[in-house]
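Below is one structure, written out as structure tokens, with a few remarks after it.
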Amino acid sequence: MRAQSVANAAGASALLLAASVSADQTVFHPTSLTAPFIEQFLEQIPQSRWTVSRATKQTPVGDEIFSYVGTWAVEEPEVYPGLKGDMGLVLKSKAAHHAISTLFPEPIDPKGKPLVVQYEVKLQKGLDCGGAYIKLLTEDESGSGLRAGDEYTDKTPFTIMFGPDKCGSTNKVHFIFRHKNPITGEWEEKHLVNPPAPKITKTTALYTLIVNPDQTFEIKINDESVRTGSLLEDFNPPVNPPAEIDDPEDFKPETWVDLAEIDDPDATKPDDWDEEAPLMITDEAATKPEDWLENEPELIPDPEAEKPEEWDDEEDGDWIAPLVPNPKCEEGAGCGPWTQPKIKNPEYKGKWTIPKISNPEYKGVWAPRQVANPAFFEDKTPSDFTKLAGIGIELWTMTEDILFDNIFVGHDEALAKKFADETFHVKRPIEKEAEGSAEEDEELEPSTLVDKIRLKVYEFIHLCGFDVIQAVKQMPEVAAGLAAAALTFIGILATLFGLIGSKPTIVKKTTVKASAPTVAQAKTEKDEAPVALAGEDKKEDGAVKKRATRSTKE
């Protein structure tokens, strides 16, 4: 069964249970489950294990100093509330820097074990620009514990950063882990390539990260798998550097020839090569068709057109009926003066160019020789993260009232799922009912062809936000379709603005006679307006201006 179906079934079951058993089922009850760390925010911040930072941070650009003045509160949600008495940690200020942290009762050691990180986010006012991610903080190597608390900042070392972030072109679920180079001793951030998009809704969303000892990982949103991969293959920069690198002391010899082809030195332009011969010539063998009506005009005044009652000959000029295709021309081969058609010139050769031949001196494409990478190392188990000291939430956001709840950090995926069944899957259907939408309605698969195409386009655009070339490689059919659509759109715009075809001439004076426009233009005029007007009223007394008749002269 698909993960989405499981989530739907769990949510529906929870709602039925809440409705059938008793009203007490819609009231929050703390979990009895135990794990290395579970947080349900049962106490207000002053009495809790969480500490609000009072430190300052320095921006990487401009060296500006900001204080963490953003406020936090533990309270029930105000938008689409779920369970009565269910409180969460709420970021209360917008356009401010926020930081809060807590230490685990004991450092958590992920070495050789699965690591499961799970928490809920409720974007009560959406998310215009900001993050809702959390950080698993790094235990101090000396064993003395992390010094965070009221001094916690963006510089406090973290081991894993996970969660949604949206601002401008950024719209993704971060998964970043810090890895220590065993040779240099330096720490480097490894960023997930092509991360999934978050759920930007005002109802609760559940984010789950699972990292396994076999170096695989999985990201779930609302209990549905949205991204899987490998720590060794899906992160940039990669965990392990290349074993060999270009020799920095190797340079291409001056005598190296890397030109594969050269002009043929023995080639000369043939004497009979006529560069001036035209591409198209008149077909001298063509004769006028017998049913060609040379004396008939291609366009005639519309016999069904009538002069508008409001037309004033003195002010508006002589009324001219719009032109329509001559029906007699459709009966024969054509109308008007006949000319011999053009055909491709069999003698056309164009400009002569010197042909290419293989370069006898060609040695191939030069590349520096490969040497052993002095910085090479191989870590086959990057999932053996350093010990985790606690959790930090350090954010800047333009949207307030972001609620965090039901944080789980442990080693048992099944236990995390059971915890979600007690919390997320109970409140979720209640919130959806309050919102007035069907359970999991935004996660239904597209049913129509248009919806499927739209989804493909959204996925392609999302991938382009990280790597355009990789997006084209993964979804070439979407890239080709968008390119074709763009060219078609440009062609339509060019036609509409007169970049293709003749520009119509506007008849503005009463004495000007109508000239014969093309058949296509006449058809267009007839479709768009049953009558054509000539001249414009520019009287200063505010009289209504009238449209002028268009007459195209080829």
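Residue numbers run from 1 in the order of the sequence given. Side chains included, hydrogens not; waters and symmetry mates left out as well; all remaining heavy atoms used.
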Please step through side-chain hydrogen bond (donor to acceptor under 3.5 Å, both in side chains) for the pair Gln370 and Asp246, ending with a clear verdict. CA-CA 5 Å; Gln370 297 291 292; Asp246 294 343; 2.5 Å; yes

Distance-only donor-acceptor check, side chains [X] and [Y], under 3.5 Å:
{"X": "Glu394", "Y": "Tyr68", "value": "yes"}
{"X": "Asn240", "Y": "Glu378", "value": "no"}
{"X": "Ser230", "Y": "Asp234", "value": "no"}
{"X": "Asp223", "Y": "His425", "value": "yes"}

Can you list the residues that meet the side-chain hydrogen bond (donor to acceptor under 3.5 Å, both in side chains) rule with Glu233, with sequence neighbours excluded? none

side-chain hydrogen bond (donor to acceptor under 3.5 Å, both in side chains) against Ser93, all qualifying residues, sequence neighbours excluded: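 Listed in chain order: Thr71.
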
Tell me whether [X] is salt-bridged to [Y], with the criterion being a basic N under 4.0 Å from an acidic carboxylate O.
{"X": "Asp405", "Y": "Lys122", "result": "no"}
{"X": "Asp247", "Y": "Arg369", "result": "yes"}
{"X": "Glu39", "Y": "Arg49", "result": "yes"}
{"X": "Lys172", "Y": "Asp165", "result": "no"}
{"X": "Arg227", "Y": "Glu218", "result": "no"}

What's the separation between atom [atom1] in [X] and atom [atom2] in [Y], rounded to the nearest 0.5 Å?
{"X": "Thr31", "Y": "Leu415", "atom1": "OG1", "atom2": "CG", "value": "8.0 Å"}
{"X": "Ile100", "Y": "Leu91", "atom1": "CD1", "atom2": "CG", "value": "9.5 Å"}
{"X": "Leu136", "Y": "Ile108", "atom1": "CG", "atom2": "CD1", "value": "8.0 Å"}
{"X": "Phe177", "Y": "Leu231", "atom1": "CZ", "atom2": "CG", "value": "5.0 Å"}
{"X": "Thr397", "Y": "Leu127", "atom1": "OG1", "atom2": "CG", "value": "5.5 Å"}
{"X": "Lys111", "Y": "Asp384", "atom1": "NZ", "atom2": "CG", "value": "6.0 Å"}

Can Lys92 and Glu75 be said to form a salt bridge (charged side-chain N to carboxylate O under 4.0 Å, His left out), step by step? CA-CA 10 Å; Lys92 299 294 294 181; Glu75 60 187 24; 2.7 Å; yes

Taking side chain to side chain contact (heavy atoms under 4.5 Å, CB included) as the test, write out the residues that go with Ala416, two or more places apart.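 Testing Ala416 for side chain to side chain contact (heavy atoms under 4.5 Å, CB included), a comparison that skips the adjacent residues, returns Val116, Gln118, Phe408.
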
Criterion ring-ring contact (aromatic ring centres under 6.0 Å, His included) against Phe41, the qualifying member of Trp50, Trp72, Phe404: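 When ring-ring contact (aromatic ring centres under 6.0 Å, His included) is applied between Phe41 and each of Trp50, Trp72, Phe404, only Trp50 qualifies.
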
Is there a side-chain hydrogen bond (donor to acceptor under 3.5 Å, both in side chains) between Thr203 and Arg428? Walk through the geometry before answering. CA-CA 7 Å; Thr203 55; Arg428 174 72 166 172; 2.9 Å; yes

Applying ring-ring contact (aromatic ring centres under 6.0 Å, His included), name anything that partners Phe175, two or more places apart in sequence or on another chain. Phe217, Phe235

Sorted by chain and number, sequence neighbours left out, ring-ring contact (aromatic ring centres under 6.0 Å, His included) with Phe104 holds for Phe37

Step through the shown structure and confirm whether more than 12 heavy atoms of other residues, nucleotides or ligands are within 6.0 Å of NZ on Lys190.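 Yes - once you tally the heavy atoms of other residues, nucleotides and ligands closer than 6.0 Å, there are more than 12.
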
Counting only heavy atoms not in Gln47 (residues, nucleotides, ligands), do more than 12 fall under 6.0 Å from its CD? yes

Derivation of the side-chain hydrogen bond (donor to acceptor under 3.5 Å, both in side chains) call for Glu244 and Asn373: CA-CA 5 Å; Glu244 293 185 326; Asn373 184 359; over 6 Å; no

For this output row, return yes or no: ring centroids of Trp396 and Phe66 closer than 6.0 angstrom.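 So the answer is no for these two rings.
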
Ring centres under 6.0 angstrom apart (Trp187, His179): no

Please step through salt bridge (charged side-chain N to carboxylate O under 4.0 Å, His left out) for the pair Lys125 and Asp401, ending with a clear verdict. CA-CA 7 Å; Lys125 295 185 179 178; Asp401 289 342; 3.3 Å; yes

Could you walk me through whether Tyr80 and Lys432 pass side chain to side chain contact (heavy atoms under 4.5 Å, CB included), step by step? CA-CA 8 Å; Tyr80 305 135; Lys432 297 298 290 184; over 6 Å; no

Lys57 vs Ile65, test: side chain to side chain contact (heavy atoms under 4.5 Å, CB included). Steps then yes/no. CA-CA 6 Å; Lys57 66 180 294 186; Ile65 303 297; over 6 Å; no

Quick one, Lys202 with Glu435, criterion salt bridge (charged side-chain N to carboxylate O under 4.0 Å, His left out). Give me CA distance, side-chain angles, the key distance, then yes/no. CA-CA 9 Å; Lys202 294 182 180 180; Glu435 185 187 34; over 6 Å; no

Heavy-atom nearest pair, Pro36 first then Pro105, reads O-CD, 4.1 Å

Do you know which of Thr159, Asp140, Asp109 makes side-chain hydrogen bond (donor to acceptor under 3.5 Å, both in side chains) with Thr386? Thr159

Among Lys427, His29, Glu431, the one residue meeting side-chain contact (heavy atoms from CB on, under 4.5 Å) with Leu83: Lys427

Between Asn359 and Glu261, does the side-chain hydrogen bond (donor to acceptor under 3.5 Å, both in side chains) criterion hold? Intermediate values first, please. CA-CA 5 Å; Asn359 186 353; Glu261 293 184 328; over 6 Å; no

Not counting sequence neighbours, list each pair that qualifies as a disulfide bond (SG atoms under 2.5 Å apart) and has a residue in residues 167-203. Cys129-Cys167

The test is side chain to side chain contact (heavy atoms under 4.5 Å, CB included); show your working for Phe376 and Ile245 and say whether it passes. CA-CA 10 Å; Phe376 173 74; Ile245 60 172; over 6 Å; no

